[in-house]
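Have a look at the structure below, then the notes.
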Amino acid sequence: MNRAMLNDFSRSLLREGLSENTIESYMWTARYFTAHYKRIDEETLFAYKGYLMEHFAPQTVNLRLQGVNKLLTFLGRSDLKMRTIKIQEPAFLDNVISDSDYRFLKRRLKRDGNLSGYFIVWYLATTGARVSELIDFKVESVEDGFVDLYAKGNKLRRIFIPKHLHSETFAWVESREVGGDYLFVNKHGNRYTRKAISQMMRGFARKYDLDPKVMHPHSFRHFFAQKFMDKSGNIDMLANLLDHESIDTTRKYLRQRSTEQQAAVNRLVTW
């Protein structure tokens with residue numbers, strides 16, 4: 001597959017409205033596959049799938065397979081599309097920051113004067129936003145009480161900002177030295193990147209001696225989901241708030257953490 005065809009494939013993905021990260025992943029897969037496998041037939045496709053299953057985690061295997069399937073569709077060979085592998089999810093959800101650590105982190109960030117970090121953590125935990133969505137929040141959205149973003153396929157995604165955040169947010173925005181339209185900006189007034197926020201979280205883990213496994217932006221989205229389920233029990237509304245296409249994706253938030261299961265066993269199993 002020559003460079004011109006790869007460029008055409010990239011443009012076809014853009015026309016589908018896929019995210020930048022998804023396109024980058026699919027293009028990497030297309031370049032790797034076409035560089036290492038000279039034919040596109042059932043034999044080479046299964047060889048590639050076997051290689052993936054031997055060397056990568058199931059989630060990565062499925063992501064690569066999705067990329068190859070997109071390529072096959074582009075080439076008019078949908079008949080060769082491969083099935084993704086089934087991922088057995090655990091009966092517990094552990095990559096979530098605890099309520100006590102969340103409150104501790106907020107308190108320390110505020111006390112240390114790290115208000116950017118304080119509000120990033122607070123907004124991630126109370127809106128359920130993905131970090132890629134959070135960096136698009138604008139100051140004017142706080143007054144509206146919601147953020148409207150457009151995802152792939154020009155689909156509208158509305159993220160609500162709880163009322164109790166508004167006044168403290170406005171006071172912070174008024175007091176900071178940098179301006180701009182975006183809510184989360186660095187000391188130079190530039191909008192934070194996803195990478196910068198992820199690095200920020202790792203820094204918090206080191207500084208405040210928190211579990212690095214839960215100190216990542218998506219952990220706070222999980223936290224929001226679990227807290228919302230605890231208080232409302234409304235899984236359909238939660239699925240809409242999290243922008244899940246399937247409610248089965250949302251059901252994982254019905255599961256308890258393994259530490260909670262261990263505590264329950266210790267308390268109840270006395271025979």
Side-chain angles (χ1 to χ4, degrees), residues 18-25 59 63 93-142 146-152 157-162 165-166 168-173 175-228 241-244 253:
L18 300 178
S19 71
E20 183 180 337
N21 278 356
T22 300
I23 292 174
E24 183 180 341
S25 173
Q59 291 89 346
L63 185 63
L93 189 65
D94 271 347
N95 60 336
V96 186
I97 191 168
S98 68
D99 187 72
S100 58
D101 281 349
Y102 164 68
R103 295 182 185 281
F104 165 80
L105 178 60
K106 275 184 63 186
R107 187 169 60 250
R108 288 297 302 270
L109 288 170
K110 192 172 186 179
R111 192 188 75 180
D112 293 347
N114 188 346
L115 294 183
S116 289
Y118 169 77
F119 279 100
I120 285 171
V121 165
W122 199 9
Y123 269 74
L124 284 171
T126 54
T127 64
R130 302 175 179 91
V131 67
S132 59
E133 297 165 336
L134 186 80
I135 60 176
D136 283 333
F137 281 24
K138 292 187 175 180
V139 174
E140 64 186 28
S141 302
V142 182
F146 59 84
V147 180
D148 280 345
L149 302 173
Y150 288 90
K152 58 185 179 181
R157 159 104 159 108
R158 174 164 287 185
I159 304 171
F160 296 96
I161 301 173
L165 276 70
H166 296 189
E168 193 170 340
T169 301
F170 285 130
W172 166 57
V173 170
S175 68
R176 65 189 188 184
E177 296 179 358
V178 293
D181 295 332
Y182 289 100
L183 184 58
F184 299 108
V185 294
N186 60 26
K187 61 183 179 181
H188 303 295
N190 299 319
R191 180 174 50 153
Y192 275 110
T193 64
R194 290 173 298 178
K195 183 178 180 180
I197 291 179
S198 295
Q199 290 174 336
M200 182 187 296
M201 295 295 170
R202 291 194 289 271
F204 294 162
R206 292 190 297 270
K207 182 173 182 178
Y208 299 115
D209 195 25
L210 295 169
D211 184 357
K213 293 180 182 178
V214 302
M215 284 306 300
H216 55 87
H218 215 66
S219 171
F220 295 91
R221 180 170 158 88
H222 292 327
F223 179 81
F224 167 83
Q226 286 197 326
K227 296 289 282 186
F228 189 88
L241 291 172
L242 293 177
D243 192 36
H244 285 164
Y253 297 112

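Small disclaimer: the values here were computed from a predicted structure and weren't measured.
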Considering all heavy atoms of both residues, which atom of [X] and which atom of [Y] are nearest to each other, and what is their separation?
{"X": "A205", "Y": "P212", "value": "CB-CA, 4.0 Å"}
{"X": "Y192", "Y": "V185", "value": "CE1-O, 3.3 Å"}
{"X": "K213", "Y": "H216", "value": "O-CD2, 3.2 Å"}
{"X": "A125", "Y": "F224", "value": "O-CB, 3.3 Å"}
{"X": "L183", "Y": "W172", "value": "O-CH2, 3.5 Å"}
{"X": "V121", "Y": "F220", "value": "CG1-CE2, 3.7 Å"}

Quiz item: Mind checking what makes ring pair (Phe, Tyr, Trp, His ring centres under 6.0 Å) contact with F137, not counting sequence neighbours?
Solution: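 Counting only residues at least two positions away or on another chain, F137 forms no ring pair (Phe, Tyr, Trp, His ring centres under 6.0 Å).
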Quiz item: Taking it one step at a time, do V131 and R221 satisfy side chain to side chain contact (heavy atoms under 4.5 Å, CB included)?
Solution: CA-CA 9 Å; V131 67; R221 180 170 158 88; over 6 Å; no
Any side-chain heavy atom of [X] sitting closer than 4.5 Å to one from [Y]?
{"X": "H166", "Y": "I161", "result": "yes"}
{"X": "Q226", "Y": "V96", "result": "yes"}
{"X": "H222", "Y": "V214", "result": "no"}
{"X": "V142", "Y": "L165", "result": "no"}

Exercise. Look at the rings of Y208 and F204 and say which category their plane angle falls in: under 30° parallel, 30 to 60° tilted, over 60° perpendicular.
Key: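 If you compare the ring of Y208 with that of F204, the planes turn out tilted.
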Practice problem: Look at the rings of F160 and F146 and say which category their plane angle falls in: under 30° parallel, 30 to 60° tilted, over 60° perpendicular. | Solution: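 The arrangement is perpendicular - the two ring planes meet at more than 60°.
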[atom2] on [Y] to [atom1] on [X], rounded to 0.5 Å:
{"X": "R158", "Y": "S141", "atom1": "CZ", "atom2": "OG", "value": "10.5 Å"}
{"X": "K207", "Y": "L105", "atom1": "NZ", "atom2": "CG", "value": "10.5 Å"}
{"X": "K187", "Y": "S116", "atom1": "NZ", "atom2": "OG", "value": "11.5 Å"}
{"X": "M201", "Y": "I97", "atom1": "CE", "atom2": "CD1", "value": "8.5 Å"}
{"X": "F104", "Y": "D99", "atom1": "CZ", "atom2": "CG", "value": "14.0 Å"}
{"X": "T193", "Y": "Q199", "atom1": "OG1", "atom2": "CD", "value": "7.0 Å"}

Quiz prompt | Sidechain N-carboxylate O distance under 4.0 Å for D136, R191 | solution =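 Looking at R191 together with D136, the answer is yes, because their closest N to O distance falls below 4.0 Å.
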Quiz item: Can we say E20 and R194 salt-bridge, meaning some charged N sits less than 4.0 Å from an Asp/Glu carboxylate O?
Solution: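 Salt bridge flag = no for R194 with E20.
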Quiz prompt | Check against side chain to side chain contact (heavy atoms under 4.5 Å, CB included), I159 and L149 | solution = CA-CA 8 Å; I159 304 171; L149 302 173; 4.0 Å; yes
Quiz item: Do E168 and Y118 pass the side chain to side chain contact (heavy atoms under 4.5 Å, CB included) test, and can you show the C-alpha distance, the side-chain angles, and the key distance before you say yes or no?
Solution: CA-CA 11 Å; E168 193 170 340; Y118 169 77; 2.9 Å; yes
Quiz item: Would you say R103 has more than 12 foreign heavy atoms packed within less than 6.0 Å of its CZ?
Solution: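 No, not enclosed.
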Quiz item: Does any pair with a residue in residues 123-135 pass side chain to side chain donor-acceptor pair (under 3.5 Å), and if so which ones, sequence neighbours excluded?
Solution: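 Every side chain to side chain donor-acceptor pair (under 3.5 Å) pair that includes a residue of residues 123-135, provided the two are not neighbours, is Y123-T169, R130-E133, E133-R157.
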Practice problem: Check the pair D181, E140 against side chain to side chain contact (heavy atoms under 4.5 Å, CB included), reporting the backbone distance first and the verdict last. | Solution: CA-CA 8 Å; D181 295 332; E140 64 186 28; over 6 Å; no
